[in-house]
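Notes for the one structure printed next.
Numbering of residues begins at 1 and proceeds along the displayed sequence. Just so you know, ligand 1 is whichever comes first in the structure, and atom 1 is the first atom listed for that ligand.
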Amino acid sequence: MTDGSTPPADQMQQLQAQLAAALAEVAHLKEKLDAALDGTGICIWQGRPQSGDLTVFNYQNFEIGDMAPHFGLWLAKLHPHDKQAVLDNYYAHLAGKTPCYEAVYRTLTPDGSVCWLWDRGRVVERDDAGQPLRILGAHRDITLEKEHEAQLAMQARLDPLTGLANRRGLLDFLKSIDRRGGSYALAMVDVDHFKQFNDLHGHDIGDRVLIAIARSLSAPLSDYDLCGRWGGEEFLLVLGNADMAAANDVIVQLHQAVQRLTVSSGEQDLSTTVSIGLTVHQPGENFDEVLLRADRALLSAKRKGRNMVCRR
Ligand SMILES: Nc1nc2c(ncn2[C@@H]2O[C@H](COP(=O)(O)OP(=O)(O)OP(=O)(O)O)[C@@H](O)[C@H]2O)c(=O)[nH]1
């Protein structure tokens with residue numbers, strides 16, 4: 001009653017019944033919300049930009065203490081690589097420039113491990129001057145998805161038969177050297193008469209030969225180098241920081257190591273040879289030009305009779 005007097009008993013009963021119904025409805029809605037959120041990993045949060053207070057309403061996979069109760073604490077746990085992009089996005093939304101705040105970032109958990117979060121929110125209340133009073137949002141732990149993504153990205157750069165980098169992995173490596181402006185040597189390695197070898201001994205033995213050659217070519221390399229499968233029976237060796245003399249020493253030894261390789265098939269010890277085209281990156285060149293020259297050097301080795309190293 002606005003005048004401070006007590007409402008009549010029957011009206012009081014009616015109000016109490018309405019309140020009980022409203023509370024039951026709220027409890028029912030909360031039950032439905034909890035059921036919807038269960039297992040999604042979604043945590044709902046509210047921020048008050050003016051005081052910095054942060055409230056998390058449900059914890060999903062997190063413990064209560066995992067959540068920062070203040071903007072400053074949340075900020076302190078943000079990964080330094082992600083911090084600026086997250087803040088730019090957040091403040092652009094507070095300033096009313098975007099319809100919502102949305103970011104994917106890494107944050108530190110209390111045990112010191114890194115967790116990936118997808119985070120989204122929007123201002124739900126502003127003061128008369130348009131300043132944000134409340135922002136409501138939700139975040140979800142996407143660490144497992146991120147790990148899976150990284151694993152897939154790595155697998156996409158690996159050749160499943162030999163475990164070496166595939167063409168994509170090699171190209172990424174060459175691009176990164178080009179970006180840094182580094183020098184390197186390239187050796188294109190091709191198994192000789194491999195079609196005939198497969199026809200004679202079968203594809204499975206052919207596969208074992210490719211695996212053995214891959215091991216032999218990649219075993220002695222340093223961290224600056226990369227050996228990968230360029231395709232089919234062709235391998236590419238990238239020797240970082242190597243001039244022709246240094247690269248030649250490595251390649252001649254690898255060529256001899258492949259000559260000594262044998263793969264057993266029943267009673268037989270089988271061997272193969274490889275032809276190699278070797279070249280060195282020249283200042284100002286991009287890797288396409290170097291690859292082309294390595295390919296031409298390989299063609300010369302094939303034309304001259306195979307089982308040799310040709311340089312260009
Ligand atoms: N076993 C096996 N064979 C492969 C694989 N990839 C490509 N090959 C075979 O490699 C052979 C390549 O044949 P060609 O391109 O004619 O070359 P080559 O017989 O080695 O002749 P040269 O290169 O001129 O010495 C083909 O028979 C392909 O089937 C693989 O993953 N496993």
Side-chain angles (χ1 to χ4, degrees), residues 151-175 184-221 225-239 244 247-281 287-312:
Q151 222 169 12
L152 286 179
M154 204 178 76
Q155 278 166 7
R157 283 163 180 75
L158 285 183
D159 168 49
L161 180 71
T162 60
L164 296 182
N166 61 15
R167 184 183 286 239
R168 193 167 159 189
L170 283 161
L171 287 172
D172 283 352
F173 188 70
L174 286 171
K175 279 179 203 160
Y184 54 91
L186 277 193
M188 194 70 93
V189 181
D190 187 284
V191 187
D192 296 326
H193 300 302
F194 199 49
K195 180 176 181 331
Q196 199 181 334
F197 186 95
N198 270 330
D199 292 346
L200 265 176
H201 306 291
H203 218 265
D204 287 350
I205 305 287
D207 281 356
R208 282 173 48 204
V209 166
L210 291 177
I211 293 168
I213 292 176
R215 282 202 191 125
S216 177
L217 292 178
S218 55
L221 300 184
D225 312 326
L226 185 69
C227 173
R229 190 174 177 198
W230 189 241
E233 82 305 9
E234 226 174 359
F235 297 89
L236 183 71
L237 279 149
V238 188
L239 304 174
M244 184 52 103
N248 193 57
D249 284 351
V250 175
I251 293 302
V252 166
Q253 280 182 30
L254 288 176
H255 182 227
Q256 289 166 357
V258 174
Q259 283 175 324
R260 289 191 298 271
L261 266 184
T262 56
V263 168
S264 58
S265 166
E267 300 288 290
Q268 283 180 292
D269 278 339
L270 304 171
S271 58
T272 50
T273 61
V274 291
S275 298
I276 304 179
L278 175 63
T279 195
V280 174
H281 169 264
F287 67 82
D288 284 328
E289 297 166 87
V290 195
L291 273 171
L292 195 67
R293 212 167 41 246
D295 213 29
R296 289 201 179 126
L298 171 62
L299 204 65
S300 301
K302 290 280 179 185
R303 285 202 181 123
K304 286 181 182 166
R306 297 177 175 79
N307 190 20
M308 66 178 78
V309 182
C310 277
R311 299 150 196 92
R312 268 193 177 228

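Taking Arg311 as the reference, Asn248 meet the side chain to side chain donor-acceptor pair (under 3.5 Å) condition, with sequence neighbours excluded. For the side chain to side chain donor-acceptor pair (under 3.5 Å) test, no residue two or more places apart in sequence or in another chain qualifies with Ser265. Annotation: side chain to side chain contact (heavy atoms under 4.5 Å, CB included) contacts of Ala187 (sequence neighbours excluded): Leu237, Ile251, Ile276, Leu278.
Of the residues listed (Leu158, Leu164, Asp159), the one engaging Leu161 in a side-chain contact (heavy atoms from CB on, under 4.5 Å) is Asp159, and it is the only one.
The closest donor-acceptor contact from the side chain of Thr162 to the backbone of Ile211 lies at 3.5 Å or more, if one exists at all.
Using a 4.0 Å heavy-atom criterion, the residues that approach ligand 1 are Asp190, Val191, Asp192, His193, Phe194, Lys195, Asn198, His203, Gly206, Asp207, Leu210, Arg229, Gly232, Glu233, Lys302, Arg306.
Residues Asp192 and Ser275 have side chains that bring a donor and an acceptor to within less than 3.5 angstrom of each other.
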